[in-house]
Each structure stands twice: as C-alpha cells, then as structure tokens.
Amino acid sequence: KGSVCEAQCCTFPYLLTASNWKDPTTYQSHIDRGPIFDRILPYGSEDPMVWTDTVTINKVGEKRTVIKAILHDEQGPSRTTAIGRYAFSDDGGVNWVYSKEDAYNGTVLWAAEDNA
C-alpha cells in the first residue's frame, strides 16, 4: 500500500524454472523467493533479452556458463524513461547481479555519411 505501483503498471521479474522448456507442465514458479533483482524502484525492469556465454574462471582454464541479460530498466524519473541495464547469473539463473550503471539510454547517435 502507498507505492507508486498501485496507480502504475510495475514489472518485477521472478525466477521460473523448468526441466523441459518445451513442456509447460514442468514449469516451477519460485515467487516465494521474491523478485530476482533487489531494489529496482520505482517501476522495475522488463523484457529481458537473455543469452549464455562460456567464460574462463581461473588460470587452469576451467570454464563456467554465465547467463547474461539486457533489460529495459524503469528506475528513471518517469515510467517512460528509456534506459537499459545489464544483469548476469553465474549459478544457472538462481542468483543475479544487476548493474548499477546503464547499458544504454534513449539517445540515438547517427554516424556521419562517408562521402569520400
């Protein structure tokens, strides 16, 4: 009660897992854990574009799969602020780190044409 989300549509991602992504009957909600990102206020984040990357984690050459995402971030002064943030998980998507810095903003820079 008393939050901006009572009057606006806010989006806070939660963890959803499945043993088979093609079979909805295997989907399991983890809503009891709360949102996967802490303190994304006031409006949340949405529309993740998710991919995996294999990274080397030590000098021996051990590798680990990291799940990465870019999301529309809604922490700006209004619901329509156009910024995005990067997030990653190195434990299969259970715990996430959400960037404190913007990955992009609403500015589009056009490259000058090369007339040479």
Hey, does the side chain of [X] reach the backbone of [Y] with a donor-acceptor pair shorter than 3.5 angstrom?
{"X": "T11", "Y": "S45", "value": "yes"}
{"X": "S99", "Y": "A87", "value": "no"}
{"X": "T52", "Y": "T65", "value": "no"}

Side-chain heavy atoms nearer than 4.5 Å, only ILVMFWY residues, links allowed to pass through others: does that put [X] and [Y] together?
{"X": "W21", "Y": "L15", "value": "no"}
{"X": "L16", "Y": "V50", "value": "no"}
{"X": "I57", "Y": "V97", "value": "yes"}

Can you confirm whether the side chains of H30 and T17 place a donor and an acceptor under 3.5 Å from each other?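 Yes.
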Does the side chain of Y86 come under 3.5 Å of the side chain of D102 through a donor N or O and an acceptor N or O?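 Result is no, nothing qualifies.
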Test side-chain hydrogen bond (donor to acceptor under 3.5 Å, both in side chains) applied to T54 - qualifying residues, sequence neighbours left out: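 Scan of T54 (side-chain hydrogen bond (donor to acceptor under 3.5 Å, both in side chains), adjacent residues dropped) gives none.
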Kindly give the heavy-atom pair with the smallest separation between I67 and G93, and that separation in Å.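 Here I67 and G93 meet closest at CD1-N, 3.6 Å.
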What's the shortest heavy-atom distance between R85 and E101, and which atoms?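 Scanning both residues, the minimum pair turns out to be CD-O, 3.0 Å.
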Any [X] side-chain heavy atom under 4.5 Å of [Y] side chain:
{"X": "D53", "Y": "F88", "result": "no"}
{"X": "E46", "Y": "L71", "result": "no"}
{"X": "Y14", "Y": "S29", "result": "no"}

Who are the side-chain contact (heavy atoms from CB on, under 4.5 Å) partners of V94, not counting sequence neighbours?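 Once residues adjacent in sequence are excluded, the partners of V94 under the side-chain contact (heavy atoms from CB on, under 4.5 Å) criterion are R33, D91.
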Distance (rounded to the nearest 0.5 Å) between H72 NE2 and D47 CG: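 Taking NE2 in H72 and CG in D47, the distance rounds to 5.0 Å.
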Taking atom CH2 of W51 as the centre, does the number of heavy atoms from other residues, nucleotides or ligands within less than 6.0 Å exceed 12?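 Atom CH2 in W51 is packed in, count exceeds 12.
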Determine, step by step, whether K63 and V55 satisfy the side-chain contact (heavy atoms from CB on, under 4.5 Å) criterion, reporting the C-alpha distance in whole Å, the side-chain angles of both residues, the deciding distance to 0.1 Å, and the verdict. CA-CA 5 Å; K63 300 200 181 290; V55 298; over 6 Å; no
Classify the angle between the aromatic ring planes of F37 and W96 as parallel (below 30°), tilted (30 to 60°) or perpendicular (above 60°).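 Geometry flag for W96 against F37: perpendicular rings.
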